Amino acid sequence: PTCLLCNQKLCLILGYETPIVVCSTETACVCVCALSVTSSPPTVKQPPTIVSQSAKDYIVDPRDNIYIECEAKGNPLPTFSWRRNGKFFNIGKDPRVSMRKRSGTLEISFRSGGRPEDYEGEYQCFASNDLGVALSNKILLRVSKAPLWPKEVLKPVVVSEGSPLVLPCNPPPGLPPPFIFWMNSVMTPIPQDKRVSMGLNGDLYFSNVVTQDAHTDYTCNARFLFTHTIQQKNPFTLKINDSKNDSSNRSNPGNLSRKVAQSTPTFLSPSGGESSKMVLRDEQLLLECIAAGLPTPTIKWFKKGRELPSQKVKFENYNKTLKIIHISEEDAGEYVCMANNQLGSIRHSIFVQVKAAPYWLDKPTDLVLAPDENGRLVCRANGNPKPNIQWLVNGEPIDSSPINPNRQVLGDTIIFRSVQMGSSAVYQCNASNEHGYLLANAFVSVLDMPPRMLGPKNRLIKVIENNRTFLDCPFFGSPLPELRWFKNGQGSGLDGGQYRVYINGTLEIKRARPEDEGTYTCVANSILGKAENQVRLEVKEPTRIVRAPEHQSAIRSSTSRFDCKVKSDPSLPITVTWTKDDKPLTLGWRLKKDEESLIIPSVKDSDQGMYTCTVKSDLDQDSASARLIVLGQVIPLFSVGHPDPPMDLDLSDPAARSVRLTWIPGNDNRSPITEFLVQFEEDHWEPGRWQNLSTYPGHLNSVILQLAPFVNYQFRVIAINSVGQSPPSRPSPRYKTSGAAPDAIPRDLRGWGSKKDNMEITWERNGPNLHYNVWWRRKDVEEDWSNVTTVGSKHVVYNTEIYVPYEIKIQARNEFGTGPESNMVIGYSGEDKPTEAPTDLRVSKVNSTKVNIHWKPVDPNSVQGEFKEYRLYYWRDSSLVTNLMVSKQKKTKGFYSTMSEPSGILTDLVPYSKYKMFMVVANSHFEGPPSSTVEFTTKEGVPDAPRFFKINRRSFDSIYLEWDKPLEPNGILIGYQLKYHPVNGSRVVQPQLETLLPNVTDFTLRLPDRSTRYKFYLSALTQVGAGEVYAEESPLFCVSTCSHFLIINPLLSPASSLVVELTDASVASALTPTPIAPLPPTTIAPTTISPSTTTTPTTTTTTEMTTPTTPPVLVTTKRTDQNIWNLTVEPNSNYANVSWRHNFPAGSSEFVLEFTLDSDKTVKVVPVKQQPPIKVADLIAGAKYHLRVYSHELNSVSSKSVTFKTKAAYIDQVDIATQGWFIGLMCAIALIILILLIVCFIKRSRGGKYPVRDKKDLPLDPVDHKDQDGSFDYHSDEDNKPLQGSQTSLDGNVKESDDSLVDYGEGGDGQFNEDGSFIGQYTVKKDKDETEGNESSEATSPVNAIYSLA
């Protein structure tokens, strides 16, 4: 259950299972939940308390029965009655009305008929018992209503295109009001956007009408929440008078292209130039501005005199609605909505008043008093207007109640003096104004009851050693008993040191130790008696892992073992569990677990992971993890491993503070032992925990160990080689050193005051079974040493003077003697608040941001502690600029000075402001009284930068600039200074200057050259000078019909620029008047690369221009919520495909690709207007690049840098001269030529004819080319000729021959030899292409080739 608020004196059990509520004696109330009484009802008499009731405004469903809730508790159980409309409501006379048993809840049933409307009204519940009467709120019961829509005939709405329109809804008034929405005949919502939207009143607003709005089914719908019904208004029919289709246009077709006339903004809602609105505190404020105009206006919101509260403000309905949640008084003021389009703007002021229904400042709480005690009830509330406070007692006005001499009413407070038995009552406080009311019940119970314990008897509390512990002892009594704790029934009360007693009876032990075990008794005493209870405390050892698993690597198929040795309290059961990668580990036939380890035999790859051992008890837990890495099977040339553990540990040569340890080394496993690690364990302070004692060289096996006195040791040895550590040896026998006098001085001795009249002397313990002699005396005062002997680590000296120095020393001793004395240290008693304030606080050398501070110091004795600083509190009280709101938050600055005339410099002030300040002196714990408050005024300074600076390009010929006043003007603004100059590469251009009046916040610049970009520098002016400069660069302008732009070659020379390909004639014509700068001849690569075999020839184009320009782009107003992400690159050898994602508006942004060559850090930028992906050509093969993409308009919006490397250069063509098939072919041709030579030689010697007719129909080889000397070269032609089945060359320009013997004629001009044989060349028949001017191809006779070779 939730802890209730409590009064300042006593806390009370309010029910069977309500927790105890405890009050502190501080100003704040501390509630502590303790044990509840569940065995039997409380015997404490208690006035009635309302615990549950229906809402003040209670709307019910007429189809259901009505339940009006009223639940109360008290002792005796309360009885209930009701009033309706201020009169007693007799439930017994109405058969439909009944009241639940032991409850005040009313049930009104309509099973047998009746109208719920007959029971509407105001109800109030009264809960009574012998001690008083409690009241519920006044519950206004109303029945939900869903009235029908009035029948009406709606005529078609006819409007002209571009005109504004409002379709009224006027829903029937329902209870609660219905939810309104617009749909068409097929139950599809009417699309809403910046132009068309529904207002808060349910009407549908059109800022301007377009022809697409003509529909016959605009239907307003009302959904009633309680009845779950939807009612529809008759649909509207909307007709549009299209200016393109009227009679005048039909008679004159030339008018069809006339556009709709544009219009300046006007407000559809609200009307006029200003309006007002009242809203209640903590409700939500909804302000609406809907404007008409063409183009559709945009809406902006402002608040005069201060910024809109960004954490509470939301803009809805396309910025037409301003919503502020949880409104407060500071949100009152004048709100301005501005509607603007290209033709102008209009403003509307809404004056918001914030009123408040009553709300609690100090709600009255229940009061429990003993006889003759005093108390008070306080009821403070606030509101606007201020609420009226009325007191009632037991439901009746207090003025008409019997006179009580022990009670006095003082406005919002009732004071009780010397209350008597029988004066218990329930008081009601009613705070009301015109906007609502608050009603609170608070009982005053006068009880006379001896102390009693409320918790169970003899509880057992178990706690882990060194943990913080709470022992609960809930109690009750009137008057309030005094509670004290005792341990084992002896000694004085436990409070102070490591004990702390809370007012609710809880005892806190800050750090439980074994000696804290025992039986604790809490005793509650009052003048009426006493009561006690006992709590038994057991302190358990912590559960911990003393040998944790270690990271290890295991070869596949080997065995791995993880250790997990646990030490815990023997009386606490524990469970050990193993997990792998945070998932439970299934143990079975392969994985085995014993008390101290996990064994993994036959390690597999799947066994790799993080293994965690977790040990849990009922009170605590511990865990440790180690990683297993599985290695592949390795067969070493020789086996090298961890050394075996040492053996046969033996102790000899015992002495008071030393002993000799001897051992036999184990096998070193082919890696020499480099050192031995000796560890020890002792059984008193940390039993079971092995700690490192010392390391020794690997050649030793007998060493003398230096030990501490009075410790029971055992030892073990670990061998170490290059592979790692051996397992620990078996422990040696125990060896206990004898006691000795302390030889060390307790460390960290100090004295300090926790209160103004004491000094705490503290130190650090340096061993077991020690006592400490502590001495102290006043410094510089002739007095004897005071001393005490204690076993703790603290001693408190009481009744000291405030902040005086003491000399302190300490000495440790035990049963064997005393140790050395410490050196004297200086400690101080407690501090108190300084008594004096700095005087004569003043300033000098005041400028705009800095001032010198002077004051007179205080008497050092008045500091009453260690002087820390003079602390200056200062705040900006107001600005000298009228109507400028400022933050009055206090700031501090410290000055450490012990001079007789101290001073300091206060910096970082706001110019032209009024400041206030005061100074205090501070010691380590307290501040003194403040000095008098001093005012000063800073001088005028230069203003901050304008709040924003936007540049919009609205046409070809003008740029529109808009800005707002600086957030901090730092003086009286006298105007603005605007400098601008064209952006023209590296050429320095003299800037032009415009000086504007302080009330001017916009400027229009006419452009002499529409292609020129400008850089603007805007600053505000005061009499001191110009302030911080806000610099912006104007955007470029592009016609809406611009075609795609071509990027290419990020690594062009600096003189080159990107080539713009204009494919739309309208663009070319639109840009014709603008002079174009000359560009060097640039090769335009194809924009589309197709994977088919058809290729596009490369074309070289030279473009002439007159001025260097950058590609134009249309940029809208500056935005800061846009991003570029997911930049990816797919590189090839000399090009790369680049893609990224962004949320810039499509077609309205320009991006820049920035390439950085890794080898020489050269940077090239490529502007891009296309949407990704983009192909970037002419990269260097095998080079490493860094690439980022950023917005041209918003340079700060950039992607993350991506690094990529292009592929190495390669050649697709195969060198056929090295191919086997080609060599074979050449050999075959050579053989054929040899045969032909032999045949020709025989024919010639015989003088026969060459058989031409037999040969002319044979197919010939492709075209053979002869050199100038007539020789026949096979290799030169074969190297460039594509063979069947081979790839074409990279340029794709190889053309296969179409020649065939079919195309040869018989009647050519043949050449004949002397013997008459035909040995000339066949003449190639020219095809159609050749007749059109192509060169002819000739087929060379093989006979000519033969003779050439001969």
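Just so it is clear, the model here is predicted, and its values are computed rather than measured.
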Exam field: side chain Lys303 to backbone Ala332, donor-acceptor pair closer than 3.5 Å: yes

Side chains of residues 264-275: which donor-acceptor partners sit under 3.5 Å, not counting sequence neighbours?
{"from": "Ser275", "atom 1": "OG", "to": "His348", "atom 2": "NE2", "distance (Å)": "2.8"}

With sequence neighbours excluded, residues passing side-chain contact (heavy atoms from CB on, under 4.5 Å) with Asp203: Val166, Pro168, Cys169, Asn201, Tyr205

For Asp213, side-chain contact (heavy atoms from CB on, under 4.5 Å) partners two or more places apart: Arg195, Phe206, Val209, Val210, Tyr218, Leu238

Close side-chain approach of Trp875 and Gln889, heavy atoms under 4.5 Å: no

Pairs involving residues 326-347, ordered by first then second residue, that meet salt bridge (charged side-chain N to carboxylate O under 4.0 Å, His left out) (sequence neighbours left out): Arg281-Glu329, Lys304-Glu334, Lys312-Asp331

Nearest-0.5 Å distance, SG of residue Cys337 to CG of residue Asn319: 10.5 Å

Backbone N/O of Thr296 and side chain of Ser207: donor-acceptor pair under 3.5 Å: no

side-chain contact (heavy atoms from CB on, under 4.5 Å) partners of Lys300, counting only residues at least two apart: Phe302, Met338, Lys950, Glu962

Expected output: side-chain Lys320 to main-chain Met198 donor-acceptor under 3.5 Å: no

Listed partners of Glu1154 passing salt bridge (Lys or Arg N to Asp or Glu O under 4.0 Å), at least two apart: Arg1188

Pairs flagged by side chain to side chain donor-acceptor pair (under 3.5 Å) wherever residues 1015-1027 is involved - sequence neighbours left out: His981-Tyr1017

Contacts of type salt bridge (Lys or Arg N to Asp or Glu O under 4.0 Å), residue Lys890, not counting sequence neighbours: none

Closest heavy-atom pair and its distance - Asp877, Val886: O-CG2, 3.8 Å

Nearest heavy atoms of Asn970 and Glu940, plus distance in Å: O-CG, 3.4 Å

Straight-line distance of Asn341 CG to Thr298 OG1, nearest 0.5 Å: 8.0 Å

Aromatic ring pairing Phe1003/Tyr980, orientation class (parallel under 30°, perpendicular over 60°, tilted between): tilted

Approximate separation, where rounding is to 0.5 Å, of Ile290 CD1 and Thr321 OG1: 6.5 Å

Residue pair Val1024 / Lys939, side-chain heavy-atom distance below 4.5 Å: no

Modelled atom types, side-chain donor and acceptor of Tyr960 and Asp1002, under 3.5 Å: yes

Qualifying residues under salt bridge (Lys or Arg N to Asp or Glu O under 4.0 Å), relative to Lys194, sequence neighbours excluded: none

Check: Ile299 and Tyr318 side chains under 4.5 Å, non-hydrogen atoms: no

Smallest separation among heavy atoms of Thr938 and Tyr912, with atom names: OG1-N, 3.0 Å

Main-chain N/O of Leu200 paired to Glu288 side chain as donor or acceptor, under 3.5 Å: yes

Atom pair OG (Ser276) and CD (Gln353), whose distance is rounded to the nearest 0.5 Å: 7.0 Å

Within 6.0 Å of NE2 in His326, more than 12 heavy atoms from elsewhere: no

Taking every non-hydrogen atom, the tightest pair across Val279 and Gln284: CG2-O, 3.8 Å

Aromatic plane relationship, His1142 with Phe1151 - under 30° parallel, 30 to 60° tilted, over 60° perpendicular: tilted

Side-chain donor/acceptor of Ser263 to backbone N/O of Leu294, under 3.5 Å: yes

side-chain contact (heavy atoms from CB on, under 4.5 Å) involving Asn847 - partner list, sequence neighbours excluded: Thr849, Lys850

Interatomic spacing from CD1 in Ile905 to OG in Ser844 - rounded to 0.5 Å: 9.0 Å

Side-chain heavy-atom pair Phe1016, Leu1005 within 4.5 angstrom cut-off: yes

CG (Asp908) with more than 12 external heavy atoms under 6.0 Å: no

Heavy-atom check, side chain of Tyr335 versus side chain of Ile324, under 4.5 Å: yes

Arg1141: salt bridge (Lys or Arg N to Asp or Glu O under 4.0 Å) partners, not counting sequence neighbours: none

Taking only distance into account, with no hydrogens and no angle test, what donor-acceptor pairs under 3.5 Å do side-chain atoms of residues 971-979 form with protein atoms, sequence neighbours excluded?
none

Derivation and outcome, salt bridge (Lys or Arg N to Asp or Glu O under 4.0 Å), residues Arg876 and Glu968: CA-CA 13 Å; Arg876 186 185 181 193; Glu968 286 291 352; 2.8 Å; yes

Evaluation steps, side-chain contact (heavy atoms from CB on, under 4.5 Å), between Leu308 and Phe315: CA-CA 11 Å; Leu308 290 171; Phe315 297 102; 3.9 Å; yes

Any donor-acceptor pair under 3.5 Å from Asp964 side chain to Phe948 backbone: no

Intermediate values then yes/no, side-chain contact (heavy atoms from CB on, under 4.5 Å), Tyr915 and Thr937: CA-CA 6 Å; Tyr915 277 85; Thr937 301; over 6 Å; no

Spacing of Glu1032 atom CD and Leu1018 atom CG [to the nearest 0.5 Å]: 10.0 Å

Where Val843 and Ile853 come nearest, the two heavy atoms and their spacing: CG1-CD1, 3.9 Å

Worked check of side-chain contact (heavy atoms from CB on, under 4.5 Å) between Trp301 and Leu287: CA-CA 10 Å; Trp301 291 90; Leu287 302 179; 3.8 Å; yes

Whether over 12 other heavy atoms sit under 6.0 Å from Asp193 CG: yes

Flag, side chain of Tyr1030 to backbone of Ala1020, donor-acceptor distance under 3.5 Å: no

Minimum-distance pair of heavy atoms, taken over all atoms of Lys355 and Asn384: CB-O, 3.5 Å

